[in-house]
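Counting starts at 1 for both ligands and their atoms, following the listed order. Scope of the values below: all heavy atoms of this structure, side chains included, with no hydrogens, waters or symmetry mates. A quick note: this is a predicted structure, and the numbers were derived from the prediction, not measured.
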Amino acid sequence: MRRRNFLALTGLFAGLALTGCGGADGNTGTLGFRNALRIPPLLDPAAGADGVRRFDLRLRQGRSEFLPGKSTPTWGVNGDYLGPTLRARRGDRVAMAVTNEVGEPTTLHWHGMRLPARMDGGPHQTIQPGGTWSPEWTVDQPAATTWYHPHPHGTTSQHVYRGLAGLFLLDDDHEVALPKTYGTDDIPLVIQDKKFTEDGRLDEDFGGTYGLLGDQLLVNGTYDPHFQVTTTRVRFRVLNGSNAHVYHLGFADNRVFHVVASDAGLLARPAPVDRLRISPGERFEIVVGFAPGEQVLLKGFSGDEEIDRGDYDILRLVAAAQLAPSAELPQVLTPLAPPAVGATVRRFRLGGTNINGREMDMARIDEVIPAGAHEVWEVDNITFAHNFHIHDAVFRVLDVDGEEPPEHLRGPKDTVFSPGKTLTRLAVEFGNHVDPAMPYMYHCHILRHEDRGMMGQFVIVEPGTENSTPRELHSAGHH
Ligand code: C2O
Ligand code: CU
Ligand code: CU
């Protein structure tokens with residue numbers, strides 16, 4: 001209650017102070033919601049004769065008109081900005097052909113996917129200009145909203161910022177009555193901030209503690225968007241695809257909505273909230289109820305960290321005069337076992353842009369982990385706001401400074417916000433793809449921090465071989 005009043009007041013003052021100036025403090029009241037929300041096309045290929053589902057992805061340069069009358073040079077996947085939504089089912093064999101036409105070396109990482117390290121698309125899987133990378137794996141994890149983006153060491157911020165990213169939806173056989181018609185009542189919301197120069201180019205000034213904190217927002221690459229609601233309930237799959245900004249999502253009328261899934265899959269039951277904090281790389285699926293004919297604004301509310309100041313209008317939702325009835329929200333979404341708390345505890349101290357006092361070294365293995373291990377990872381943030389992502393793993397948040405997290409943060413995740421000066425304990429479950437010579441990454445997903453070396457590497461090994469595993473990679477360093 002007190003916090004709500006405080007937020008409302010700061011919002012009011014920010015609004016007053018900012019009238020007509022549109023600085024880094026938000027965009028409230030500056031939009032007209034003129035553009036229909038773009039829905040990224042679904043790339044859902046039929047399986048070939050061998051049963052393998054093949055996806056062709058071209059990373060390329062393009063141009064986009066975000067601001068009226070201004071042409072912005074951008075990058076995209078199979079298009080000018082962002083990429084198609086990929087979709088696969090648990091058990092599918094998928095094969096990617098990723099061709100790099102952007103003119104500089106890059107990679108494509110499958111964030112949230114459980115797969116062998118050589119297929120992961122991290123900094124070791126460089127695709128040279130003109131080259132094609134062809135990873136292949138079998139999808140074996142619960143239904144979730146995952147995403148893909150470049151991960152070249154040192155230039156991830158630029159490559160993601162220019163527009164290389166997309167969603168990768170995973171389905172499974174677990175039946176749950178949630179809205180599921182893509183583009184109708186199952187809607188992706190890729191939220192990103194941008195800063196534009198006078199002539200409409202993307203400002204790439206990545207200075208400051210957090211790098212770029214834009215003053216304009218795009219949703220699915222749409223500036224100034226609205227969405228036409230046609231059903232009484234809509235599921236939104238929200239991805240914070242920003243370089244650094246953290247959003248406190250909510251509606252202008254403060255309506256309650258339900259979180260049904262976090263990064264790695266469904267929650268046990270829908271969690272009611274009226275604000276939802278989402279940091280870069282995190283995903284939440286939410287279900288929102290609508291009345292016929294109403295209009296409501298999805299907003300980002302200001303918070304108290306430097307990284308989330310600002311009051312943003314994000315998307316106007318316009319409900320049709322008649323809405324098709326949706327199913328009731330289920331009481332139970334999935335049976336979720338309590339987190340398995342392993343005996344091994346590792347501590348990761350988050351410094352300015354380092355972890356445990358060290359910056360990323362592509363030739364150094366920081367942690368060696370037995371296949372299938374359950375461990376407790378303690379994310380000990382001794383500085384300012386960061387977040388923490390682990391590749392090929394799924395975790396549950398045990399506690400934050402000793403306190404149990406709110407209900408919507410108790411589900412399966414792969415990325416978590418780490419407020420300044422807090423200790424976040426995670427119960428982590430690691431994968432089974434053994435490869436002592438090819439690491440996975442863990443890192444802060446604030447991309448400037450990641451690029452500056454706030455990242456470490458771990459390998460998954462046969463249990464019992466931890467101590468005999470080399471800690472140096474001789475092939476690394478000349479990628
Ligand atoms: Cu979304 Cu290592 O990244
Ligand atoms: Cu990742
Ligand atoms: Cu950070």
Listed protein N/O/S atoms, distance to atom 2 (Cu) of ligand 1 under 2.8 Å: His151 NE2, His391 NE2, His443 NE2
Is the ring centre of His149 less than 6.0 Å from the ring centre of His159? no
Can you find a side-chain donor-acceptor pair between Tyr81 and Gln192 that sits under 3.5 Å? yes
So among Asn387, Thr415, Asp308, which one has a side-chain hydrogen bond (donor to acceptor under 3.5 Å, both in side chains) with Ser279? Asn387
With heavy-atom distances below 4.5 Å as the criterion, would you say the side chains of Leu350 and Asn356 are in contact? no
Step by step, work out the salt bridge (Lys or Arg N to Asp or Glu O under 4.0 Å) result for Arg358 and Asp366. CA-CA 10 Å; Arg358 301 201 291 199; Asp366 297 278; 3.0 Å; yes
Could you verify whether a donor N or O on one side chain and an acceptor N or O on the other, from Asn240 and Ser242, lie under 3.5 Å apart? yes
In this structure, is the centre-to-centre distance between the rings of His449 and Tyr210 below 6.0 Å? yes
Can you confirm whether the side chains of Thr145 and Arg283 place a donor and an acceptor under 3.5 Å from each other? no
Considering all heavy atoms of both residues, which atom of Gly420 and which atom of Asn381 are nearest to each other, and what is their separation? CA-ND2, 3.7 Å
Report the protein N/O/S neighbours of the Cu ion (ligand 3) that fall below 2.8 Å; do not count waters. His386 ND1, Cys444 SG, His449 ND1
